[in-house]
Visitor: 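Here it is, the structure in full.
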There are 2 protein chains.
Amino acid sequence: MATRLTIGRAAEAAGCKVQTIRYYEQIGLLRRPPRSEGNQRLFAQEDIRRLAFIRHARALGFPLQAIRDLLSLGDEPEQSCEAADAIAKAQLGDVEQRIEYLQALRRELKRMVEQCRGGRIADCRVIEVLSDHAPCEMFNHAVPRSGVGSP
Amino acid sequence: MATRLTIGRAAEAAGCKVQTIRYYEQIGLLRRPPRSEGNQRLFAQEDIRRLAFIRHARALGFPLQAIRDLLSLGDEPEQSCEAADAIAKAQLGDVEQRIEYLQALRRELKRMVEQCRGGRIADCRVIEVLSDHAPCEMFNHAVPRSGVGSP
DNA sequence: CCTAACACCTACAGTAGCTGTAAGTTCAAG
DNA sequence: CTTGAACTTACAGCTACTGTAGGTGTTAGG
Ligand SMILES: [Zn+2]
Ligand SMILES: [Zn+2]
Ligand SMILES: [Zn+2]
Ligand SMILES: [Zn+2]
């Protein structure tokens with residue numbers, strides 16, 4: 001048994017692109033798997049599990065560095081899980097911050113959209129609000145950095 | 001009158017980096033401003049207003065392409081503002097989707113974090129949940145694309 | 001056994017929206 | 001006149017992939 005999968009099957013199993021797997025290998029998140037005679041990667045069940053872990057963590061928004069850390073923690077099952085929990089809590093905090101920020105954004109955008117009654121550009125609240133930050137209630141908005149969005 | 005600003009002053013006024021302004025010029029969001037004898041950019045008030053518009057729109061999460069569209073709409077004040085409103089509504093919809101997605105993430109992360117009582121990695125719910133998607137309530141989570149996050 | 005279709009290989013470029021760096025000019029204060 | 005900050009261009013790097021080109025391996029049908 002030791003049913004080994006080609007990269008295409010592995011990608012299918014993990015719900016990602018073939019290139020993504022090669023990318024994970026390249027940055028050292030996945031080991032370089034054994035190859036077939038024709039130089040094609042053959043993934044063992046352990047590799048597939050590791051890949052699933054990575055994809056699940058990614059789906060929860062963990063950055064690759066955090067996943068790297070979680071994976072190496074996972075390799076020492078007898079250690080305290082404090083560090084792992086801290087990573088998860090940090091991620092939770094991050095997501096909560098993002099939500100708050102986006103909710104402020106939503107309020108602002110909603111006001112903008114609702115105040116416009118249609119008509120000429122010259123009278124449009126959308127353009128007006130963007131042109132002038134003064135009447136904007138959201139004094140603290142800064143330019144966001146990229147992060148977890150929608151699927 | 002006709003007080004023209006150097007790029008450093010303009011950046012200060014807009015709350016962004018000098019390079020950001022040069023970047024906007026490079027991608028055609030800002031015109032190439034007149035230069036001093038020594039080849040340094042001199043920004044007129046109109047340039048500063050345009051830059052403020054861009055930064056404000058960015059702060060509200062509009063992608064640069066949407067901002068580009070909004071700017072060219074702003075150049076025709078007699079036209080209907082329908083298109084501008086559509087862009088703003090699309091952005092609002094986008095933000096709302098992101099919020100929903102992040103709220104689902106938050107629920108999932110919270111459960112994960114709360115279920116761990118501390119102890120060995122081998123028993124850690126954080127690692128366990130990530131290892132196995134089956135007991136995960138969030139069946140629909142996909143890998144997110146990047147987008148508007150926190151400040 | 002041969003061939004067509006398809007999966008795989010490497011290597012690299014591109015995405016968004018900046019940000020940082022290097023090597024060289026210009027400007028303003030002292 | 002000198003010093004140092006601010007400016008110039010040009011290009012590399014960030015995240016986490018995704019797409020493409022040009023070639024090789026595998027497999028099913030005839
Ligand atoms: Zn309008
Ligand atoms: Zn505002
Ligand atoms: Zn734990
Ligand atoms: Zn899950």
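Order of the sequence lines sets the chain letters (A, B, ...), proteins ahead of strands, with each chain counted from 1.
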Visitor: What is the distance, to the nearest angstrom, from the CG atom on Asp94(B) to the P atom on dA16(C)?
Guide: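 After rounding, the gap between these two atoms is 15 Å.
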
Visitor: With respect to the phosphate group of dC17(D), does any side-chain polar atom (N or O) of Arg58(A) fall under 4.0 Å of OP1 or OP2?
Guide: yes

Visitor: Could you tell me the separation between the CD1 atom of Ile21(A) and the C1' atom of dC8(C), rounded to a whole number of Å?
Guide: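 So the two atoms are 12 Å apart, to the nearest Å.
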
Visitor: I need the CG-P distance between Leu5(A) and dA7(C), as an integer number of Å.
Guide: 15 Å

Visitor: Using atom names, set out every protein N or O paired with an N or O of nucleotides 26-30 of chain C below 3.5 Å, distance rounded to 0.1 Å.
Guide:
unit_1, atom_1, unit_2, atom_2, d
dC27(C), OP1, Gly38(B), N, 3.2

Visitor: Would you mind telling me which residue lines up with the more 5' stretch of DNA chain D, Arg9(B) or Gln19(B), judged by nearest nucleotide?
Guide: Arg9(B)

Visitor: Under 4.0 Å between any heavy atoms, over every strand shown, what does Ile7(B) touch: base, sugar-phosphate, or nothing? Just pick one.
Guide: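 Since only primed, P, OP1 and OP2 atoms lie under 4.0 Å of Ile7(B), the category is sugar-phosphate.
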
Visitor: So, is Thr6(A) near the phosphate of dC8(C), with a side-chain N or O under 4.0 Å from OP1 or OP2?
Guide: yes

Visitor: Mind calculating the distance between CZ (Phe62(B)) and P (dC18(C)) to the nearest angstrom?
Guide: 14 Å

Visitor: So, does Arg35(A) get its side chain near the phosphate of dT10(C), meaning an N or O under 4.0 Å from OP1 or OP2?
Guide: yes

Visitor: Select from Gln65(B) and Lys17(B) the residue whose nearest nucleotide in DNA chain C is closer to the 5' end of that strand.
Guide: Gln65(B)

Visitor: How long is the line joining CD of Gln26(A) and P of dT10(C), in whole Å?
Guide: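 Taking CD of Gln26(A) and P of dT10(C), I get 10 Å after rounding.
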
Visitor: Which residues pass the salt bridge (charged side-chain N to carboxylate O under 4.0 Å, His left out) test with Glu128(A), not counting sequence neighbours?
Guide: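 Salt bridge (charged side-chain N to carboxylate O under 4.0 Å, His left out) list for Glu128(A), sorted by chain: Arg125(A).
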
Visitor: Roughly how far apart are Ile99(B) CD1 and Gln103(A) CD, rounded to 0.5 Å?
Guide: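 If I round to the nearest 0.5 Å, the distance is 5.0 Å.
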
Visitor: From the options dC18(C), dC17(D), dT8(D), select the nucleotide whose nearest atom is closest to the side chain of Leu64(A).
Guide: dC17(D)

Visitor: Grab the OH-C1' distance between Tyr24(A) and dT15(D) for me, whole Å please.
Guide: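 Going from Tyr24(A) (OH) to dT15(D) (C1'), I get 11 Å.
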
Visitor: Would you call Arg32(A) and Glu25(A) a salt bridge, using N to O less than 4.0 angstrom?
Guide: no

Visitor: With DNA chain C as reference, determine whether Ile54(B) or Glu25(A) sits nearer its 5' end, using the nearest nucleotide of each.
Guide: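 So the residue in question is Glu25(A).
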
Visitor: Find the distance between CZ (Arg107(A)) and CG (Leu102(A)) and round it off to the nearest 0.5 Å.
Guide: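 It comes to 11.0 Å.
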
Visitor: Can you give me the closest heavy-atom contact between Ala44(B) and Arg4(B), atom names plus distance?
Guide: CB-NH1, 3.8 Å

Visitor: Could you list all N or O pairs between the protein and nucleotides 4-6 of chain C that sit under 3.5 Å apart?
Guide:
none

Visitor: For dC9(C), does either OP1 or OP2 sit under 4.0 Å from a side-chain N or O belonging to Arg41(A)?
Guide: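 Yes, because at least one side-chain N or O of Arg41(A) sits under 4.0 Å from OP1 or OP2 of dC9(C).
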
Visitor: Return yes if some donor-acceptor pair links the side-chain N/O of Gln40(B) with the main-chain N/O of Thr6(B) below 3.5 Å, else return no.
Guide: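 It does not hold such a pair.
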
Visitor: Counting the atoms with a prime plus P, OP1 and OP2 as sugar-phosphate, which does Arg22(B) contact under 4.0 Å by heavy atoms, base, sugar-phosphate, or nothing?
Guide: base

Visitor: Tell me the closest heavy-atom pair linking Leu29(A) and Leu64(A), and the distance in Å.
Guide: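 Leu29(A) and Leu64(A) have their closest heavy atoms at CD1-CD2, 3.7 Å.
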
Visitor: At their closest point, which heavy atom of Arg55(A) faces which heavy atom of Cys16(A), and how far apart are they?
Guide: NE-CB, 3.5 Å

Visitor: Tell me if the CD atom of Glu100(B) is crowded by more than 12 foreign heavy atoms within 6.0 Å.
Guide: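 Incorrect, the count does not exceed 12.
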
Visitor: Round to a whole Å and report the spacing from CZ of Arg4(B) to P of dC7(D).
Guide: 16 Å

Visitor: Taking only side-chain N and O atoms of Thr20(B), does any of them lie within less than 4.0 angstrom of OP1 or OP2 on dG17(C)?
Guide: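 Answer is no, no contact under 4.0 Å.
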
Visitor: Strictly distance-based, threshold 3.5 Å: is any side-chain N or O of Arg58(B) a donor or acceptor partner for the main-chain N or O of Phe62(B)?
Guide: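 Checking the backbone N and O of Phe62(B) against the side chain of Arg58(B), a donor-acceptor pair under 3.5 Å is found.
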
Visitor: Nearest to the side chain of Val18(A) - dC8(C), dT8(D), dT20(D)?
Guide: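 From the listed options, dC8(C) comes nearest.
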
Visitor: Rounded to the nearest 0.5 Å, what separates atom CZ in Arg35(A) from atom CZ in Arg41(A)?
Guide: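 Output value for this atom pair is 4.0 Å.
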
Visitor: Whole angstroms only, please: what is the OH-C1' distance between Tyr23(B) and dG17(C)?
Guide: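 One finds 5 Å between C1' of dG17(C) and OH of Tyr23(B), rounded.
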
Visitor: Determine: side-chain N/O of Arg55(A) to OP1/OP2 of dA16(D), distance under 4.0 Å, yes or no.
Guide: no

